[in-house]
Amino acid sequence: MPELPEVETTARGVHERLRGDRIVDVWFSRHPQPFKVPVARQAKGLQGCAILAVHRAGKHIVCELAPAAGRPLDTVCGNRLVESVGEPSAQWIVHLGMTGRLLVTTSEAPVAPHTHARLAMASGRELRFVDPRRFGRLEYRDLRRCPGFRAPGVDPLSVTAEEFARLFRGRKLAIKAALLNQKLLSGVGNIYADESLFHAGIRPRRPAGRLTREELDRLRKALVKVLKHAIRLGGSSVSDYVDADGERGFFQLEHCVYLRTGLPCRRCQTPVRRILVAGRGTHYCPRCQR
DNA sequence: CATTTCACCTGGTGGC
DNA sequence: TGCCACCAGGTGAAAT
């Protein structure tokens, strides 16, 4: 589910609800995979921490943490600690994989199947990680021992035209595959790769290094426009994506090609075609995209 | 190195 | 209704 707009929406939702709150209890499911760091160590680090801020880095959600054990909880401003907790000393990093959800609930809310982490907060809220396919990843980082998390590639919303063009120079792989490579751009996935290529009028199989500067400029602008529009609409809910409040997004209603195989192109009525590129279902309009 | 393929998982859908 | 093939927002390891 989660590409840049969905991750951004989720991170904002968690930030708004849990900033300044304190983790009072930690629970992890006993599943072997989805944890990069042993759950016992994660639980120990998370316990008692205040959440200073939550933000997006590529497709990752980063929670900035500081130990707040023993600190009296300030209930003046809506169960939140006052701001001055200091610099973050740890991070909890969440990657949603394909089907991951990060939800803010109350601690009494019924626990959904495939819930793998529950962080009970001082406010009575609970942060839950739910992930049926278990492709998601949870990581705890002690900032006294290792550097803060950085997405591997550049952010598509802030990349300059120069930088963007340089990413693809000399590359033979399909532009669609290049867009999906997180070491180049961090945050673009299958939906927004297909949609931005449609809006830029570029065929997904074109070798990345052969695109003209004009095409690359068009592609970058289309990408920014599509991503920003999708963020405004709360992301795309194709089957099961929901934000931190459990609400669906609306950008799926604006998809022009993604998952529209055989349906008429919204611009020229030609049936949308589906091919495989880099092993991923890829949708395009054979008339509008060259 | 750059690039491609595949395994990792569960669940939904549509054909027979 | 059941069974089966195929598809799905992602990524990294292995193969080429």
Side-chain angles (χ1 to χ4, degrees), chain A residues 1-11 29-36 56-61 93-102 112-116 129-139 149 151-153 156 166-197 204-210 223 226-227 230-231 233-244 247-255 257-263 272-283:
Chain A
M1 52 149 105
E3 302 181 32
L4 187 152
E6 293 76 33
V7 175
E8 178 72 32
T9 304
T10 302
S29 74
R30 193 152 292 292
H31 261 298
Q33 287 83 8
F35 309 115
K36 239 175 145 169
R56 175 188 67 79
K59 291 179 190 171
H60 299 257
I61 298 163
I93 301 141
V94 178
H95 192 289
L96 299 173
M98 289 274 257
T99 53
R101 302 173 174 194
L102 199 59
H114 308 293
T115 297
H116 295 115
F129 176 67
V130 180
D131 184 14
R133 287 176 79 177
R134 309 211 303 276
F135 288 171
R137 290 291 178 266
L138 303 175
E139 181 186 350
F149 178 82
R166 203 178 320 129
L167 292 177
F168 305 109
R169 207 163 289 162
R171 294 188 179 271
K172 291 181 179 156
L173 82 172
I175 183 61
K176 158 90 184 245
L179 286 173
L180 293 177
N181 184 343
Q182 301 298 298
K183 287 178 183 151
L184 301 177
L185 288 169
S186 291
V188 181
N190 213 26
I191 296 175
Y192 300 100
D194 281 5
E195 292 297 315
S196 61
L197 285 169
R205 281 212 174 111
R206 293 272 306 282
R210 296 250 183 80
L223 191 52
V226 159
L227 291 172
I231 290 170
L233 295 185
S236 300
S237 291
V238 168
S239 64
D240 56 7
Y241 165 73
V242 291
D243 67 15
E247 299 290 335
R248 291 167 59 84
F250 292 94
F251 191 71
Q252 68 281 6
L253 302 173
E254 317 250 333
H255 290 174
V257 288
Y258 182 73
L259 246 40
R260 286 178 49 82
T261 313
L263 295 173
V272 169
R273 216 172 268 177
R274 180 183 185 275
I275 57 175
L276 275 187
V277 179
R280 315 293 304 277
T282 296
H283 316 78

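We use all heavy atoms of the structure for the numbers below, so side chains are in, but hydrogens, waters and symmetry mates are not. In what follows, every chain begins at residue 1, and chains take the letters A, B, ... in the order their sequences are listed.
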Quick one: [X] [atom1] to [N] [atom2], roughly how many Å, whole number?
X	N	atom1	atom2	result
A/Leu276	B/dT4	CG	C1'	12 Å
A/Asp240	C/dC7	CG	P	18 Å
A/His60	C/dG12	NE2	C1'	12 Å
A/Arg101	C/dG10	CZ	P	16 Å
A/Arg137	C/dT11	CZ	P	11 Å
A/Leu96	C/dT11	CG	C1'	13 Å
A/Arg280	B/dT5	CZ	P	14 Å

Handout entry: pair A/Lys59-A/Leu96: side-chain heavy atoms closer than 4.5 Å
Key =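 No, side chains not in contact.
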Exercise for the section: Answer whether the closest heavy-atom distance between the side chains of A/Phe168 and A/Leu179 falls below 4.5 Å. Expected result: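 Yes, side chains in contact.
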Practice task
Provide the closest heavy-atom pair for A/Tyr192 versus A/Leu223 in the form atom of the first, atom of the second, distance.
Solution key: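 Heavy atoms of A/Tyr192 and A/Leu223 come nearest at O-CD1, 4.0 Å.
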Handout entry: Taking every non-hydrogen atom, the tightest pair across A/His114 and A/Pro132
Key =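 Taking every non-hydrogen atom into account, CG-CA, 3.5 Å.
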Problem - DNA chain C: 5'-proximal contact among A/Thr282 and A/Gln182 (nearest heavy atom) - result: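 Per heavy-atom nearest nucleotide, the more 5' residue is A/Thr282.
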Does [X] make a side-chain N or O approach to OP1 or OP2 of [N] shorter than 4.0 Å?
X	N	answer
A/His114	B/dC9	no
A/Lys172	B/dT4	no
A/His95	C/dG10	no

Problem - Same-atom distance (P) from C/dA14 to B/dC9, integer angstrom - result: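 Each nucleotide's P atom is 15 Å from the other's.
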Exercise for the section: For the pair A/His116 and A/Asp131, evaluate side-chain hydrogen bond (donor to acceptor under 3.5 Å, both in side chains) and give the outcome as yes or no after the intermediate values. Expected result: CA-CA 7 Å; A/His116 295 115; A/Asp131 184 14; 5.3 Å; no
Practice task
Give a yes or no answer on whether the side chain of A/Tyr241 reaches the backbone of A/Glu6 with a donor-acceptor pair at less than 3.5 Å.
Solution key: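 Yes; at least one donor-acceptor contact below 3.5 Å.
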Under 4.0 Å between any heavy atoms, over every strand shown, what does [X] touch: base, sugar-phosphate, or nothing? Just pick one.
X	result
A/Ser237	base
A/Gly279	nothing
A/Phe251	nothing

Practice task
Establish whether the base of C/dA8 is bridged to the side chain of A/Arg133 by a donor-acceptor pair shorter than 3.5 Å.
Solution key: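 Indeed, a donor on one side and an acceptor on the other fall under 3.5 Å apart.
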Problem - base_contact_polar (B/dC9 base, A/Arg134 side chain, donor-acceptor, <3.5 Å) - result: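 Absent.
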Handout entry: A/Tyr258 ring center within less than 6.0 Å of A/Phe251 ring center
Key =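 Ring centres of A/Tyr258 and A/Phe251 not closer than 6.0 Å.
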Handout entry: Pairing stems for DNA chain C [at least three consecutive pairs; Watson-Crick or G-U; under 3.5 angstrom]
Key =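 Runs of three or more consecutive pairs: B:2-8 with C:10-16, B:10-16 with C:2-8.
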Practice task
Kindly state whether the pair A/Phe135 / B/dC8 counts as stacked, where counting means centroids closer than 5.5 Å and planes tilted less than 30° apart.
Solution key: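 Yes.
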